[in-house]
Amino acid sequence: MKVYPPASENELLNNAKTIAGKTLQQIATIHELPIPLHLRNAKGWIGELIEISLGASATSLPEPDFQKIGVELKTIPVNRHGRPKESTYVCTVPLTPDIDIQWETSLVKRKLSRVLWVPVEADAGIPLPARRVGTAFLWSPDRQQVSVLRQDWEEFMDMIMMGELEQITARHGQYLQIRPKATNAEALRNGINMDGDKILTMPRGFYLRASFTSRIIEQMISQFHQQ
DNA sequence: TGGTGATCATAC
DNA sequence: GTATGATCACCA
């Protein structure tokens, strides 16, 4: 079954409702896809399955997944309490950014402006085929959240432009963090050191801390209960 | 045992 | 090679 890109947020939400409560086995069967034995050698499999089942179009482009409506798709592994098990990858970190790079036009901002979060059961005790997809919800950061995300991003970009990339660890950043994002430790690319010289360094990605995505889920639940 | 640093697969 | 989809694995 082929799912076409949704033309509106409502259409996307309706598509998401059709997979809510289903197991990964049920969804994979609909699309005639095999299920890997475990995620160790297929880490992105759930994300790719949900992309297919919701009609995502920019699946390996530096763009929001649903290009037409500007929505980014994120599956989020949650435990039985609904708390995220992992951080959430956002996008690649520019290692040699232009001097005039700005938050307003950054990929982090574009991707996080509108996100469809799709919770997926991730307790180790549940076999992969039996894991269920939860109720998806659309989210945009509120003013306070945008403010912190922007502050994190600007501090990171300042450090990178100052040649302090190698000093950045996953401990930096309140909501965002920067961590390696590579095939392996041998995958290097160009960066800039504190002397302004070219160096080879590990490719890195922006991630949302699990403590932050946990708050997003809690907010959604409390809004739900108020209605 | 939580979080940081490392890694796996795939598309083009 | 560089982007995407992420989770793994180890150690403080």
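Quick note on labels: first sequence line is chain A, next is B, and so on, each numbered from 1. Any value given below was found using the heavy atoms of this structure, including those in side chains, with hydrogens, waters and symmetry copies removed.
- Atom-to-atom, CD of A:Glu121 to C1' of C:dT7 comes out at 17 Å; the value is rounded to the nearest Å.
- Nucleotide C:dG5 holds its C1' atom 14 Å from the CD1 atom of A:Ile76, rounded to whole Å.
- Across all strands, A:Glu186 comes closer than 4.0 Å to no nucleic acid atom at all (heavy-atom distances).
- Whole-Å rounding puts the A:Arg171 CZ to B:dG3 P distance at 12 Å.
- The nearest pair of heavy atoms linking A:Asp65 to A:Glu51 is OD1-OE2, 3.5 Å.
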Just the table, please: protein N/O against nucleotides 8-11 of chain C N/O, every pair under 3.5 Å.
| from | atom 1 | to | atom 2 | distance (Å) |
| --- | --- | --- | --- | --- |
| C:dC8 | O4' | A:Lys43 | NZ | 3.3 |
| C:dC8 | N4 | A:Glu86 | OE1 | 3.2 |

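- At the heavy-atom level, A:Pro203 lies nowhere under 4.0 Å from the strands shown.
- Computed from coordinates, the A:Glu51 CD to C:dT4 P distance equals 11 Å when rounded to whole Å.
- Within the 4.0 angstrom heavy-atom criterion, only backbone atoms of the sugar-phosphate kind lie near A:Gly47; the bases stay farther away.
- Taking 4.0 Å as the cut-off between side-chain N and carboxylate O, A:Lys85 and A:Glu121 do not count as a salt-bridged pair.
- Between A:Glu63 atom CD and C:dA3 atom P there is a gap of 13 Å when expressed in whole angstrom units.
- Regarding A:Leu188, its CG atom lies at a distance of 10 Å from the P atom of C:dG1, rounded to whole Å.
- Taking the six-membered ring where tryptophan is involved, the planes of A:Phe212 and A:Tyr175 are essentially parallel, since the angle between them stays under 30° and well short of 60°.
- Interface remark: the A:Lys181 side chain does not form any donor-acceptor pair with the B:dG5 base, using a distance-only criterion of under 3.5 Å.
- Cluster annotation: A:Ile101 is connected to A:Val146 through the hydrophobic network of ILVMFWY side chains, with a link wherever side-chain heavy atoms come within less than 4.5 Å.
- An OP1 or OP2 oxygen of B:dT7 is reached within less than 4.0 angstrom by no side-chain nitrogen or oxygen of A:Asn184.
- Base contact: A:Ser87 has a heavy atom under 4.0 Å from a base atom.
- Under the 3.5 Å distance criterion, the side-chain polar atoms of A:His172 are matched with a main-chain donor or acceptor of A:Thr169.
- With hydrogens and angles disregarded, a donor-acceptor distance shorter than 3.5 Å links the side chain of A:Arg204 to the backbone of A:Met202.
- Nearest nucleotide to the side chain of A:Ala182, out of C:dG5, C:dA6, B:dT7: B:dT7.
- For the OP1/OP2 pair of B:dA9 and a distance below 4.0 Å, the side-chain nitrogens and oxygens of A:Thr183 include no atom meeting the criterion.
- Nucleotide C:dG5 holds its P atom 11 Å from the CH2 atom of A:Trp117, rounded to whole Å.
- Listed candidates were B:dT4, C:dG5, B:dC8. Nearest to the side chain of A:Tyr89 is C:dG5.
- Listed pair A:Arg204 / B:dA6 fails the phosphate criterion, with no side-chain N or O lying under 4.0 Å from OP1 or OP2.
- The side chain of A:Arg189 lies closest to C:dA3 when the candidates are B:dA6, C:dA3, B:dG5.
- Straight-line distance from the CD atom of A:Gln177 to the C1' atom of B:dG2: 12 Å, rounded to whole Å.
- Among C:dT4, B:dA6, B:dG5, the nucleotide with an atom closest to any side-chain atom of A:Thr92 is C:dT4.
- The pair A:Glu72-A:Arg110 does not meet the salt-bridge criterion, since no charged nitrogen lies less than 4.0 angstrom from a carboxylate oxygen.
- Grouping the Ile, Leu, Val, Met, Phe, Trp and Tyr side chains by contacts below 4.5 angstrom, directly or via other members, places A:Ile19 apart from A:Trp139.
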